[in-house]
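Every chain is numbered from 1, with letters handed out A, B, ... down the list of sequences.
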2 protein chains.
Amino acid sequence: MASNSNPKDRILQTASKLFYAQGYNATGINQILEEANVAKASLYTHYGSKDDLGIAYVKAAREDWFNALNSFLEKNSTSMEKLLRCFDFLERNMRLNDYKGCRFINLLAEVSTQNAEMRKEIVDHKSTLRAFFQNLVSDIIEDDKAKANQISDSILLLFEGAIVQSKIHLDVWPVKTAKKTATTLLNTKT
Amino acid sequence: MASNSNPKDRILQTASKLFYAQGYNATGINQILEEANVAKASLYTHYGSKDDLGIAYVKAAREDWFNALNSFLEKNSTSMEKLLRCFDFLERNMRLNDYKGCRFINLLAEVSTQNAEMRKEIVDHKSTLRAFFQNLVSDIIEDDKAKANQISDSILLLFEGAIVQSKIHLDVWPVKTAKKTATTLLNTKT
DNA sequence: AAATAAATAGACCGATTTGTCTATTTCAAA
DNA sequence: TTTGAAATAGACAAATCGGTCTATTTATTT
């Protein structure tokens with residue numbers, strides 16, 4: 001782990017790496033401390049417990065994710081271009097992360113019944129993503145609101161399905177397939 | 001847990017319930033033994049270790065899942081009807097399981113890097129599902145093979161995306177949305 | 001330079017983890 | 001009814017878990 005920055009940040013960075021790579025329950029705090037080169041007391045002064053660290057992790061990951069997406073999208077592009085470029089972003093991420101999939105989906109599988117606050121952050125994040133797609137699609141399909149929502153939610157489902165299937169098959173074909181059908185749906189004129 | 005059947009089956013049944021409800025890593029063998037009313041030695045004679053029990057769990061779940069699906073589909077129905085009814089099956093399952101989502105996706109999130117054999121079973125299961133959709137769609141779209149595959153894979157992605165989003169929002173609207181768009185895709189004539 | 005805060009190493013705690021082993025009991029087949 | 005397998009309860013082990021605490025050292029600030 002990078003030895004720059006302060007202990008507090010180093011803990012979060014290392015936790016982020018390990019929670020993603022090994023899972024939340026499978027990652028012990030001792031491993032985090034070792035790899036972050038940080039004393040145990042530092043974890044408990046900056047974060048109160050492992051669960052609180054987990055919550056801080058999700059919150060930071062939420063911000064990081066949308067920051068990365070927005071900086072990947074080109075400012076002066078149409079809503080249609082942005083929508084399709086979301087799938088390019090996804091493809092790049094899947095490769096970059098060695099097909100570990102979505103941090104939030106992975107975490108939800110572990111803590112859905114275990115930790116209500118982590119669950120809430122995850123749900124809020126995905127609700128934000130849903131609204132993000134809805135906004136872009138509403139720019140393209142302006143006349144029929146019901147149709148716009150049907151298409152934007154379908155794009156969301158294709159997006160999420162592509163994440164899961166990409167993780168399963170260790171390949172980007174699901175992302176390419178999703179992008180292609182998303183294009184088809186968006187070009188279906190009323 | 002049902003006290004019928006033999007210890008071996010009771011272990012698997014209880015493990016299946018707990019792994020699904022709490023996750024694999026969050027479930028200790030002691031809890032399984034208590035709820036199954038079974039001695040510890042019985043677990044280690046019938047299954048060799050917790051991981052081996054986990055593998056047995058996935059294998060049994062694979063068989064159960066497709067058995068449930070096939071018995072839900074009506075024998076004398078068209079491929080189109082069967083395809084759409086898959087989403088009714090999904091909706092029923094999501095409700096029935098209190099939106100715990102997909103056993104295989106949930107498990108993959110935990111053991112993807114941890115246990116290669118469990119991963120393989122999960123991947124094989126999803127590959128079977130993919131082929132299942134491909135077969136049905138190929139009955140409907142016979143002329144254009146590339147188009148048939150594009151549509152069947154898109155249905156797979158909608159299906160998987162609906163599972164994930166349904167678990168997130170504790171609602172069946174993603175399944176309904178997926179079914180509707182799947183219908184649209186299947187009705188797009190060449 | 002003195003005072004204060006931040007970070008350190010690491011012992012320690014009780015609980016829990018998977019897994020082994022012994023000794024006893026239940027049960028079914030010969 | 002005897003024999004042998006199957007199942008039982010539970011002690012035990014070694015490791016790890018999250019978390020607390022003490023004592024010391026490093027930085028920062030005044």
*Does the side chain of A/Q150 come under 3.5 Å of the side chain of B/T181 through a donor N or O and an acceptor N or O?*
yes
*CG of B/N30 versus P of D/dA11: gap in Å, rounded?*
13 Å
*What nucleotide among C/dT8, C/dT18, D/dA9 has an atom nearest to a side-chain atom of A/A39?*
C/dT8
*Do A/K40 side-chain and C/dG10 base share a donor-acceptor contact under 3.5 Å?*
no
*Mind checking A/S49 for me? I need base, sugar-phosphate or nothing, with any heavy atom below 4.0 Å counting as a touch.*
sugar-phosphate
*Verify the contact: side-chain N or O of B/S42 to OP1 or OP2 of D/dA6, cut-off strictly under 4.0 Å; return yes or no.*
no
_Without decimals, in angstroms, what is the distance between B/Y44 OH and C/dC21 C1'?_
13 Å
*Output yes when at least one side-chain N/O atom of A/H46 is less than 4.0 Å from OP1 or OP2 of C/dA7, else no.*
yes
*Quick one: B/L33 CG to C/dT20 C1', roughly how many Å, whole number?*
14 Å
_Geometric cation-pi criterion, A/K82 with A/F89: 6.0 Å, 45°_ = no
*B/D51 CG to C/dT17 P: how many Å, rounded?*
15 Å
*Count the heavy atoms of every other residue, nucleotide or ligand shown that sit under 6.0 Å from NZ of A/K180, and state whether that count exceeds 12.*
no
*C/dA15 P sits how many Å from A/I29 CD1, rounded?*
17 Å
*asked:* Would you say that more than 12 heavy atoms from the other residues, nucleotides or ligands in this model lie under 6.0 Å from the CD of A/E117, or not?
replied: no
*With DNA chain D as reference, determine whether A/Q31 or A/A41 sits nearer its 5' end, using the nearest nucleotide of each.*
A/Q31
*Do we get A/R103 above A/F19's six-membered ring, with its NZ or CZ under 6.0 Å from the centre and within 45° of the axis?*
no
*To the nearest Å, how far apart are A/L43 CG and C/dG10 P?*
18 Å
*Which whole-number value in Å describes the distance from A/E34 CD to C/dT8 C1'?*
15 Å
*Would you kindly give the CG-to-P distance between A/N25 and C/dT17, to the nearest whole Å?*
11 Å
